[in-house]
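Structure first, then comments.
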Amino acid sequence: MPAERAGYTVMMFLIDLSPSMGAPRTVELVVGPKGETKSIKMTKLEWSLQFVKMKIQQMIFNGRKTDQCGVITFGSEKYIPIGQPNSGTLAKLDELQASETAGDRKSPSILRKKRTWTRKMVLVTDGESPMEIEQWETIVKKMSEFNVSLTVVGADFDDEDIGYREEDKPSIKRVNENFYAHLTSTLPEGLGLLGSLEHALLTLTYPDPKEVKSSLVTTTLRLGDVEVRESEAIEINVRIAKRISMARAASWKKFFRKDGDDVDIDDVEEGKTVFKEVKRRTEYVIDRSSGNEEEDKGSPGQDVSMEVDEGKSVTTEETHLEKVEKEQLIKGFKYGSTYVPCPDGQFQRLNTKKGIEICGFFEEKNFNRSYPMGEVAYVYASPTSVPEQLAFSSIVQAMYSRGVLAIARMVRTEGADPKMGILAPVPETKVDQLLWAQMPFADDVRQYTFPSLTTLVSRSGVKITKHPYIPTEEQLEAMDNFVDAMDLMDAGDEDETGEIQPWFDSFNSFNPAVHRTKQAQFHAAVVSDITTHPLPPPHPELTKYFNPPKRVLKTAKGALQECKDAFKVKEVPKRAPKARKDDHVYAQDQDEDMILLDQKGPVRKRPDVASESKSQTVNASMSRTKMKRVTDDSETESESDGELLLGSKPAPSGPSLPTPTASPEPEFDPQRAPGRIIGNAYPLRDFRQNLKQGDVVTKAVEDLGVVVREIIRRPFSSRRKDEMVECLKELREACLREDEIDAWNELLKGLKQDCNGKNGNKDFWADLQKLGRGMSLISSSEANQVGGISDVSESVLIDTPE
């Protein structure tokens with residue numbers, strides 16, 4: 001079939017209104033999630049029009065102005081001219097009824113459209129009426145010449161795909177059905193199609209992702225400072241187009257049933273229920289009911305946002321609320337416990353320049369796949385400039401060969417807010433391009449640290465090897481077997497070569513919210529009564545990933561039981577919810593949703609926090625005592641040496657005292673890698689704090705060495721050169737003092753390799769050389785002075801970088 005021209009399509013529906021189309025038929029409708037069916041009687045025409053209205057509703061949903069359709073009927077003079085479909089088109093289809101005379105199939109006016117348009121014809125019939133077939137060869141020749149496709153949808157036609165064959169088929173229908181099969185097969189490949197109406201309706205419920213064509217955006221790619229160092233910078237004109245677009249479910253509107261008094265009897269038919277859309281508006285009021293005059297004078301009062309039905313307003317005399325116009329309000333932003341007014345609605349924007357600026361590069365292996373956010377876009381050179389294409393291609397090829405990604409700053413329009421993201425090279429045989437993905441700012445990333453699941457350390461620094469919280473080898477092996485048994489890579493069906501495919505395919509998985517909402521809207525648009533024609537269940541392709549494959553469930557059953565036995569899993573009985581006196585649950589931050597004119601009302605009484613914490617402490621102590629009785633072989637029997645760092649303390653034996661306020665948590669370092677005690681933000685400060693503890697010296701020395709080597713290899717590391725030198729000085733003194741001489745010597749050798757290697761920092765190594773013996777290896781003579789041992793025979797100065 002020739003390629004369709006995007007956006008230029010005309011579809012003509014040929015509907016058979018012969019007397020046989022008015023014959024009643026029993027249709028089985030699936031109404032339940034488990035395949036429950038319901039029988040309903042309707043005419044063949046009503047059944048066929050469901051297919052036509054579904055196809056037209058799809059065009060209305062897409063909203064393309066260049067998608068047009070028309071309707072021609074056989075056996076009647078009614079028709080719908082070619083044009084953009086709307087709700088009126090569906091209303092005209094509901095008025096069609098079967099005629100008393102059979103009509104002949106004619107060649108429609110679709111051939112009069114331009115050759116550049118994609119033209120389609122859809123014939124809907126039951127094939128039980130006679131027709132003229134003398135000139136069908138001429139029709140086929142004409143359709144082939146204009147590339148007009150023909151789809152014949154027959155009511156109760158035989159269909160091998162769904163296993164249907166009509167019993168006692170009339171002879172005229174058998175002849176017509178064979179003719180339609182021969183007609184569609186005579187057309188060129190891809191232009192003819194024959195199918196049954198039941199199969200066609202099932203196909204329409206298949207999830208169909210909406211394809212959108214992205215509009216190209218012209219911008220500039222800059223590498224370097226084009227204003228200060230123009231000779232060292234590159235500026236290339238590029239185009240940006242979306243690669244993927246986020247799909248969202250269609251929005252819904254709320255309606256309510258109108259009472260008899262509000263309904264206009266002249267405009268409504270008898271027996272019809274009238275609904276009206278719920279419209280809301282917001283009124284801003286200040287509560288003046290408080291009796292504290294000083295508080296009223298010192299604050300603007302409480303602003304209450306109310307949503308009321310249209311036609312009703314706030315009665316200020318009864319509620320003591322003073323109405324405030326929206327124009328009198330000032331927008332404000334919450335900053336801590338206060339609000340910062342912003343009369344203009346937003347703060348002053350940055351003076352940004354349109355374009356994409358490359359800020360630096362980093363290795364692809366350091367890319368965190370959980371950081372990209374939003375939609376992905378293509379970035380490629382201008383198609384009209386060959387020099388810019390060559391320059392852009394060289395950048396893409398260089399990034400790909402070195403295995404690096406670029407950190408970029410994108411500004412869509414002049415003065416717009418900047419967005420940070422990455423550019424990934426994608427070398428292609430035809431066009432080299434970059435992929436843009438937006439990344440979060442540092443303040444938007446929340447990193448949470450959790451205690452180790454396999455290591456427990458007592459307060460005295462002793463590592464606990466046996467404890468109920470530490471998994472045993474048997475438990476680890478059982479969990480490994482259970483995870484391996486749930487592998488979905490070999491749980492799919494076999495392909496043509498007999499190889500088992502993965503169970504999940506991302507290309508064939510669909511968003512249930514998007515497609516189920518679309519199905520519900522389409523169904524409500526094509527049926528007259530939802531009560532008699534309920535919404536059918538979703539298509540099987542939409543729900544096939546809801547339940548795990550049976551093969552995996554069967555395979556993992558034994559491994560699951562092994563886990564239950566190893567971990568001694570027991571079902572926890574449900575506890576009755578605790579009844580509250582006022583049936584309300586209060587949030588911790590009471591002024592979370594306050595706006596600029598809010599004032600604090602009377603203090604709400606809350607339960608005693610101290611008594612509540614006291615009861616929790618007692619319960620925790622009792623549970624810990626019970627745990628010790630069960631695990632007699634645990635190494636935590638001594639409370640002085642074995643008390644774990646779990647944040648709880650044993651309850652006092654005397655009278656219970658009020659629980660003091662919890663101490664503040666240590667400051668969180670977002671640049672501290674998991675498992676380290678030294679962060680990249682303030683390494684020297686962290687190193688000094690850990691040395692004071694005395695039991696983590698080795699770990700602190702090791703982590704500081706790793707952090708220094710990481711920072712030195714990063715772009716723009718020269719900004720922190722003095723800080724890194726200070727870290728190395730203090731690290732050498734600590735290693736000499738704490739007998740970590742071998743760790744220092746190994747660190748210095750590795751640092752030399754990093755600086756002198758590929759993409760190294762030779763300038764930093766040259767600066768270290770200037771420090772002389774103060775930054776050299778620790779020799780055996782120097783180690784003997786402090787009672788240590790070193791493999792280096794004498795103090796060696798740092799060599800000149802290669």
Side-chain angles (χ1 to χ4, degrees), residues 246 248 251 280-308 314 316 319-352 370-374 409-413 415-421 438-449 580 582 584-607 609 612-613 661-672 681-682:
M246 183 178 297
R248 295 180 176 86
S251 59
R280 297 178 179 270
R281 73 169 184 267
T282 302
E283 291 187 356
Y284 301 91
V285 295
I286 301 178
D287 187 3
R288 297 295 190 184
S289 59
S290 176
N292 191 346
E293 297 181 357
E294 296 181 357
E295 186 175 346
D296 291 343
K297 295 180 181 179
S299 63
Q302 184 177 7
D303 180 80
V304 182
S305 177
M306 304 181 63
E307 291 185 346
V308 298
V314 179
T316 56
T319 59
H320 306 284
L321 299 177
E322 180 182 345
K323 186 175 180 180
V324 180
E325 298 297 333
K326 186 177 181 180
E327 291 75 12
Q328 300 178 357
L329 300 179
I330 298 177
K331 189 174 182 179
F333 295 88
K334 189 174 183 181
Y335 183 75
S337 59
T338 61
Y339 287 89
V340 179
C342 185
D344 298 334
Q346 62 182 6
F347 295 102
Q348 184 178 1
R349 291 181 176 270
L350 296 174
N351 186 16
T352 55
S370 62
Y371 282 173
M373 49 191 292
R409 179 176 181 262
M410 177 183 286
V411 179
R412 293 281 184 177
T413 57
D417 294 334
K419 295 182 179 180
M420 298 300 297
Q438 184 180 350
M439 302 285 283
F441 290 95
D443 295 339
D444 299 330
V445 179
R446 298 290 183 267
Q447 295 183 357
Y448 300 96
T449 57
R580 300 180 181 272
D582 52 359
H584 288 285
V585 179
Y586 301 114
Q588 296 181 357
D589 191 1
Q590 298 180 8
D591 59 343
E592 183 67 25
D593 296 326
M594 294 170 62
I595 60 177
L596 186 60
L597 299 180
D598 280 354
Q599 71 169 4
K600 293 184 179 179
V603 179
R604 180 184 292 132
K605 295 183 179 180
R606 300 183 65 185
V609 179
E612 196 172 311
S613 302
T661 304
S663 59
E665 297 182 356
E667 182 181 356
F668 173 69
D669 184 2
Q671 299 188 27
R672 180 179 300 171
Y682 308 100

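Every value quoted in this text rests on a predicted model; they were computed, and no experiment measured them. Both backbone and side-chain heavy atoms feed into the values below; hydrogens, waters and symmetry mates do not.
- Remark: T413 pairs with no residue by the side-chain hydrogen bond (donor to acceptor under 3.5 Å, both in side chains) rule, at least two apart or across chains.
- Taking every heavy atom of both residues into account, R349 and D417 meet most closely at NH1-OD1, 2.8 Å.
- Residues forming a salt bridge (charged side-chain N to carboxylate O under 4.0 Å, His left out) with R248 (at least two apart in sequence, or on another chain): none.
- Contact check for T282 versus K326: no side-chain heavy atoms found under the 4.5 Å cut-off.
- M373 meets the side chain to side chain contact (heavy atoms under 4.5 Å, CB included) test with Q438, P440; sequence neighbours excluded.
- When the side chain to side chain contact (heavy atoms under 4.5 Å, CB included) test is applied to D443, no partner is found at least two apart in sequence or on another chain.
- Heavy-atom minimum distance, A416 versus V411: O-CG1, 3.8 Å.
- In the displayed structure, N351 atom CG is contacted under 6.0 Å by at most 12 heavy atoms of other residues, nucleotides or ligands.
- Annotation for F441: atom CZ counts as buried by contact number, over 12 foreign heavy atoms lying within 6.0 Å.
- Shown here are the side chain to side chain contact (heavy atoms under 4.5 Å, CB included) partners of E327, two or more places apart in sequence or in another chain: E325.
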